[in-house]
Structures are given as structure tokens and as C-alpha cells.
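Heads up: the structure comes next, in C-alpha cells.
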Amino acid sequence: GAVVSQHPSRVICKSGTSVKIECRSLDFQATTMFWYRQFPKQSLMLMATSNEGSKATYEQGVEKDKFLINHASLTLSTLTVTSAHPEDSSFYICSARGPGELFFGEGSRLTVL
Amino acid sequence: GENVEQHPSTLSVQEGDSAVIKCTYSDSASNYFPWYKQELGKRPQLIIDIRSNVGEKKDQRIAVTLNKTAKHFSLHITETQPEDSAVYFCAASGEKVNNNDMRFGAGTRLTVKP
């Protein structure tokens with residue numbers, strides 16, 4: 001079946017640094033990908049919709065200058081958490097609409113010290 | 001926009017018993033209703049879905065029912081096993097490929113006791 005790969009799976013960084021997370025569709029093209037944030041024991045909260053070749057669409061309350069999204073090709077979207085702070089620590093998951101369903105990446109656990 | 005509510009938030013059953021999780025949605029235009037299973041620290045995986053032209057769908061021990069008039073849909077797991085323990089999310093959306101309207105329920109933590 002279709003696969004979405006996300007990297008890195010875990011990252012620890014110092015406060016003030018930036019972290020980039022990649023989301024790739026491995027065997028299908030995805031003009032649109034989605035980025036979510038998931039707090040412990042909570043649901044998936046859509047942060048933004050990543051559109052290939054154009055600007056991302058952010059959900060209300062999500063800082064676009066804080067969470068930079070780039071969708072430069074039909075198989076790759078990146079999320080950069082800029083000037084990370086401890087409150088940005090979370091589980092970030094991407095997804096893409098593949099053949100017939102929505103496929104999720106493995107998730108990236110970000111810990112900001 | 002779409003709003004999805006899911007109940008219960010936690011559910012504990014004995015192995016072999018059935019488990020039922022219920023969701024309601026607000027947008028009558030929604031016509032795709034997937035259910036995802038998420039194990040701790042892993043990605044959500046689609047376990048079953050239903051589209052608005054179908055009232056019920058079954059796949060082995062898992063079934064989903066949809067009442068479009070009442071705007072609610074349910075997940076039924078029969079003969080539960082310990083490996084069914086996970087968090088289950090319902091979702092609702094339209095069908096367009098690039099639509100960003102999929103919204104998830106809050107999740108149900110299912111525990112199956114051996």
C-alpha cells in the first residue's frame with residue numbers, strides 16, 4: 001500500500017534552535033499534505049495544509065512564522081519549528097491523501113530543552 | 001466547519017466482549033467517515049471507513065454503522081482481544097482529494113483485559 005515516511009522520528013534540541021521535519025510520500029504524488037500536532041492522550045490537531053508550489057494554509061491560532069512549511073515537490077513537505085521553546089515539545093505527524101485514503105507518517109517527537 | 005464528537009473517552013472491556021465507540025458530526029456535507037487505530041507512539045492506521053451512501057460496513061470483527069439523518073456513526077468491535085487495546089479516532093470529511101476539512105474526534109482509549 002501507499003507509504004508516507006517522516007523523519008526524524010525523535011529529535012532533541014536546545015531552546016532557541018530550529019528543527020526541520022520531513023514528510024515524504026514514497027510511492028504516490030501528493031499535491032497536498034497535512035501537518036498535525038498531538039499532545040499526550042489527545043487527538044490530532046490540524047496545524048496547516050501544505051500545498052505543492054504555493055503557500056501553506058494555516059489553521060487559526062497557528063503561527064506561520066513559527067511553523068514554516070515548504071512543499072517544494074510532489075513528494076516532499078517540510079515543517080520547520082523556528083526558535084523552538086519547551087512549549088513546542090510535542091508529537092508532530094504529517095499525512096497525505098493517497099489512493100483511497102489518508103496515510104500518516106510515523107510521527108516525530110520533538111523535545112525542546 | 002466540521003465538528004466531531006466522540007464518546008466514550010475511555011473504554012475497558014473483558015477479552016471476548018464487544019466494544020462500541022460512537023461519534024457525531026455537525027456538517028451535513030461530510031460524506032466520508034474513517035476510523036483510525038493508534039498504538040502508543042505510533043502513526044494512526046486506517047482500520048475501516050464508510051461513505052455516506054452506505055449504512056453499514058463490516059470487516060471481520062470490525063463494523064461501522066452510519067446514520068446520516070442523525071449525523072452519527074459508530075465503531076463496533078466484537079470478540080475483543082488484548083491486541084485491540086489502543087486509541088481509536090473517528091473522523092469526518094468531504095471526498096475531495098485536496099480537501100483539508102477532515103476533523104478528528106477526541107479519541108477513545110480502549111483497554112481489553114485478558
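Convention: sequence-line order gives letters A, B, ...; per-chain numbering from 1.
Looking at Gln45(B), there are no atoms closer than 4.5 Å to chain A (heavy atoms on both sides), in backbone or side chain. When heavy atoms are compared at a cutoff of 4.5 Å, Ile93(A) approaches chain B solely by way of its side chain, counted from C-beta outward.
For the residue pair Ser93(B) and Arg97(A), the shortest heavy atom distance occurs at OG-NH2, 3.2 Å.
Looking at Lys41(A) and Arg109(B), their side chains come closer than 4.5 Å, going by heavy atoms from C-beta outward. Looking only at side-chain heavy atoms (C-beta outward), Leu102(A) and Tyr36(B) come within less than 4.5 Å of each other.
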Candidate pair Glu101(A) and Tyr32(B), rule side chain to side chain contact (heavy atoms under 4.5 Å, CB included), full reasoning: CA-CA 10 Å; Glu101(A) 65 180 86; Tyr32(B) 177 60; 4.0 Å; yes
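Within the 3.5 Å criterion, the main-chain N or O of Val4(A) finds a donor-acceptor partner in the side chain of Arg43(B). With hydrogens and angles disregarded, a donor-acceptor distance shorter than 3.5 Å links the side chain of Ser43(A) to the backbone of Gly105(B).
Using a 4.0 Å cut-off between a side-chain N of Lys or Arg and a carboxylate O of Asp or Glu, Arg103(B) and Glu59(A) qualify as a salt bridge.
No single ILVMFWY cluster, assembled from side-chain heavy atoms under 4.5 Å apart, contains both Phe104(B) and Val4(B).
One finds the CZ atom of Phe103(A) at 8.0 Å from the CG atom of Leu46(B) (value rounded to the nearest 0.5 Å). Of the inter-residue distances, the one linking Phe89(B) atom CZ with Gln38(A) atom CD reads 5.0 Å to the nearest 0.5 angstrom. In this structure, the separation between CE on Met102(B) and OH on Tyr36(A) is 6.5 Å, given to the nearest 0.5 Å.
When Ala91(B), Pro44(B), Gly107(B), Ala106(B) are compared by the number of non-hydrogen pairs under 4.5 Å with chain A, Pro44(B) comes out ahead.
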